[in-house]
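The structure displayed is predicted, hence computed values, not measured ones.
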Protein chains: 2
Amino acid sequence: MVVLRVIGDGPQPQLRDFMSVEDKQKPQRNDRVTIRTVASHAGVSVAAVSKVMRNAYGVSEALRAKVTDAIETLGYRPSRAARGLRGRSFTIGVLLIDIRNPFLPEVIAGVNGVLAPSHYQAMIGVSDARVQLETSLIESMIDYKMDGLILVAPRLPSDIIAKFAVQIPIVTVGYHDAGATAFDTVNADDQRGAEIAVEALLACGYRDIEMLSLGEREGHAVSVVRQREIGFRRAMQRGGLGAAPIGKIPIASPRREDAMRKFLARKDRPRAVFCWSDLDAITLLSLAMEMGVRVPEDLAVVGYDNSSTAALGLVNLASIDQSGRELGQIATRALISRIEGRTASEHILQVPSLVSRNSLTRFKDTKHDG
Amino acid sequence: MVVLRVIGDGPQPQLRDFMSVEDKQKPQRNDRVTIRTVASHAGVSVAAVSKVMRNAYGVSEALRAKVTDAIETLGYRPSRAARGLRGRSFTIGVLLIDIRNPFLPEVIAGVNGVLAPSHYQAMIGVSDARVQLETSLIESMIDYKMDGLILVAPRLPSDIIAKFAVQIPIVTVGYHDAGATAFDTVNADDQRGAEIAVEALLACGYRDIEMLSLGEREGHAVSVVRQREIGFRRAMQRGGLGAAPIGKIPIASPRREDAMRKFLARKDRPRAVFCWSDLDAITLLSLAMEMGVRVPEDLAVVGYDNSSTAALGLVNLASIDQSGRELGQIATRALISRIEGRTASEHILQVPSLVSRNSLTRFKDTKHDG
DNA sequence: CGTTATATGGAGAACGTTCTACATTTCATC
DNA sequence: GATGAAATGTAGAACGTTCTCCATATAACG
């Protein structure tokens, strides 16, 4: 019985009440190979098989061979759920906010690369940037008996993360709290990254430089946005340019482009801009083209993230590369280390680098008044 | 004890033998509220609390109130791992191949949107497009006792998916096997999408049209690539243009751009091209710009996916929109329906639409020889 | 061979929940 | 009040694995 439906429009099938699980329970899968099957096949006890699986002390080579042979013959795979109930589930949870963050594919690739040779598996949960949703997702991961969590650019306050870290090992990526004692942080040095951007602009001869940052909701010093602002100010001061003007792009979507258009339309628009993230920098480039602002002749632009879109010939955005892949790798190793018992916190900063492209070339004094 | 490390380069901490879990086991968390705590607090049995949690038959309002009150007072959250061992874990696994697929953020948003009001949680696993890795990830999800799986653009043969579908409810997205009886398929009508692209090109006056598709590894009729080719051929024939030339972009990365450059450099290059996916269409636009091929004057381009990058002013790619969000929603509802007991398979096709942009405008006979 | 130390494998309970069977209570009818 | 049907709440076992304790076997030494 096959149903083929074509949907152009029309009503969607109604989703029934989720809580009514009375009518049909999980069908019984009676053919699963369990630890009992293996023990029986190998002629040993269940506890012996478990000892072999856990690489526990007190297993002879003869027993190990018998059990391993039975496992291979039967194709036994332990239930992660059952394992997690008493021991380890060999699962690492990764929490992502905003799956479109250009950073993320690389981080995930880094995580998966480190875990690939192991028995660990990464499971990803995607949340919106709301404290309640993030909290709920972390709780679900704990309820799942995952062995540890990597939180990527979490928006939660430090004290809430610390409360969770009492329950489960946690490593954060893209979260600057070097004072945290209950969890680890792994970051690109976002201050240094912004400094590098400014230094590159200065080296190309620009002096009239501003930063475009993100609006007020990202108020905490732990956020990458604030860190990049700090670095921007420091590099501007160090470059002898006392003033360090920072414009804010509102978080609310319909007004972001308005703010960028206003920036581009300014009579006193600077000659160079460091934008806090590629996502916004690329939008800025698009609007600049639309409004007849030439990049880099009228406005040099440096972004942050070195996203794959930035590298497109059509976009050609100079950008700070924070190597998400390496951050993912480092975070994963740190988490495994925590799972294995380390309690002293570690805070790791990786130095970013600039990838230069056509949005940033040598400054030319090509005044275009009006 | 805080450790702060800055990494520019240098050796990474060595990852210890994962199988040696002897030295340190999961720290005991003795303060977790369990079903026993709730039962004790409410003065009822464990089974009573379980019945309330499962919304099972045979629960009085008085008992329900007592238990619900205790649950709220204690902040009880059931262990998903323990639940999955006998009943449902209320978890849906989503398997993604290639996290950069422009389709995916929308699909995930659709899935999460449907699940948000429920007790279900989506957990995502990311795999490379290799049968062994995909298989291993699906097995892990089964071992985790997830209630069902959504496979997004899987590369596995149908019979392997069917074998898994005996063990766990499965819905596929972006996988055209309308004959499958063991699992559901939810797709954009990729044939129709390609037809729409060709029809739009014809309507704009183009007659010299080719398709750029993906190379031979995507050989199965279930793949979206083949489906788009079928639609292309049909629409070309229907438009009275018998020949339906389809060029192939190799899968291997360094040679993809070579193939596109060769296409762009052809003396007999067509006046319009339908590209199988935005990812390659956007690269084609970049190379066209670099090689002085004007879009759309020399070459009109239509992509597929309506990715967010296609919408950028800098890119401005006309593209077929398959509404990943809706596909995610439909797939999720279908999966819940399967989890609740439906065994008859369903195959759902959603009609895509064209989003027109500057890469596709009215054909003008502006011959530029040489 | 006897003694001591160490290694090994298994019994039984734990982990946190769901499921089944059924004793008891409640409700409706005469 | 008696009878029968339906509703209710609980006891005990199951789910699949890990952990702890300890009886026994093995190895080393005098």
- A:I35 CD1 - C:dG9 C1' separation (whole Å): 14 Å
- Message: Output the rounded distance in Å from CG (B:N55) to P (C:dT18).
- Response: 12 Å
- Evaluate the criterion salt bridge (Lys or Arg N to Asp or Glu O under 4.0 Å) for residue pair B:R32 and A:D143; output intermediate values, then yes/no. CA-CA 10 Å; B:R32 177 168 185 115; A:D143 297 342; 2.8 Å; yes
- Query: Does B:R54 make a side-chain N or O approach to OP1 or OP2 of C:dC19 shorter than 4.0 Å?
  - Reply: yes
- Message: Just the rounded figure in Å: distance from C1' of D:dT18 to CG of A:D147.
- Response: 13 Å
- Message: Taking the nucleotide of DNA chain D with the nearest heavy atom to each, does A:R36 or A:A47 sit closer to the 5' end?
- Response: A:R36
- Message: Rounded to whole Å, please give me the gap between CZ in B:R83 and C1' in D:dA14.
- Response: 17 Å
- Message: Within residues 72-79 of chain B, which residues have any heavy atom lying less than 4.0 Å from an atom of DNA chain C?
- Response: B:Y76, B:R77, B:P78, B:S79
- Contact class for A:A48 (heavy atom, under 4.0 Å): base, sugar-phosphate, or nothing? sugar-phosphate
- Message: Please tell me if B:S60 has a side-chain N or O lying less than 4.0 Å from either OP1 or OP2 of D:dG9.
- Response: yes
- Query: Are B:Y144 and A:Y144 near enough that their ring centres are under 6.0 Å apart?
  - Reply: yes
- Which part of the nucleic acid does A:V49 contact within heavy-atom distance under 4.0 Å: base, sugar-phosphate only, or nothing? nothing
- Task: Please answer whether the main-chain N or O of A:L115 pairs with a side-chain N or O of A:S118 as donor and acceptor at a distance below 3.5 Å.
- Result: yes
- Task: Whole angstrom is fine here: how far is it from CE in A:M53 over to C1' in C:dG9?
- Result: 18 Å
- Item | A:V46 side chain, from C-beta outward: closest of D:dT18, C:dA7, C:dT18 | D:dT18
- Item | OP1 or OP2 of C:dT18 under 4.0 Å from side-chain N/O of B:S50 | yes
- A:E61 CD - D:dT26 P separation (whole Å): 16 Å
- Message: In the structure I gave you, are the side-chain heavy atoms of A:R77 and B:S140 within less than 4.5 Å of one another anywhere?
- Response: no
- Note on the structure: A:K145 NZ to C:dC15 P, in whole Å, measures 11 Å
- Starting from P on C:dC15, measure out to CG on B:L85 and report it in whole angstrom. 15 Å
- Whichever of A:S45 and B:A82 has the more 5' nearest nucleotide on DNA chain C, that residue is A:S45
- With A:I108, which of B:I124, B:L96, B:V126 fulfils side chain to side chain contact (heavy atoms under 4.5 Å, CB included)? B:V126
- Message: Over all strands shown, is B:T34 touching base, sugar-phosphate only, or nothing at heavy-atom distances under 4.0 angstrom?
- Response: sugar-phosphate
- Item | Distance in Å, B:R338 CZ paired with B:D147 CG, rounded so as to fall on 0.5 Å steps | 14.5 Å
- Under-4.0 Å side-chain N/O to phosphate OP1/OP2 contact, A:Y57 with C:dA7: yes
- Between A:L151 and A:F183, is any pair of side-chain heavy atoms under 4.5 Å apart? no
- Item | Criterion side chain to side chain contact (heavy atoms under 4.5 Å, CB included) against B:V114, the qualifying member of B:L335, B:T332, B:I92 | B:T332
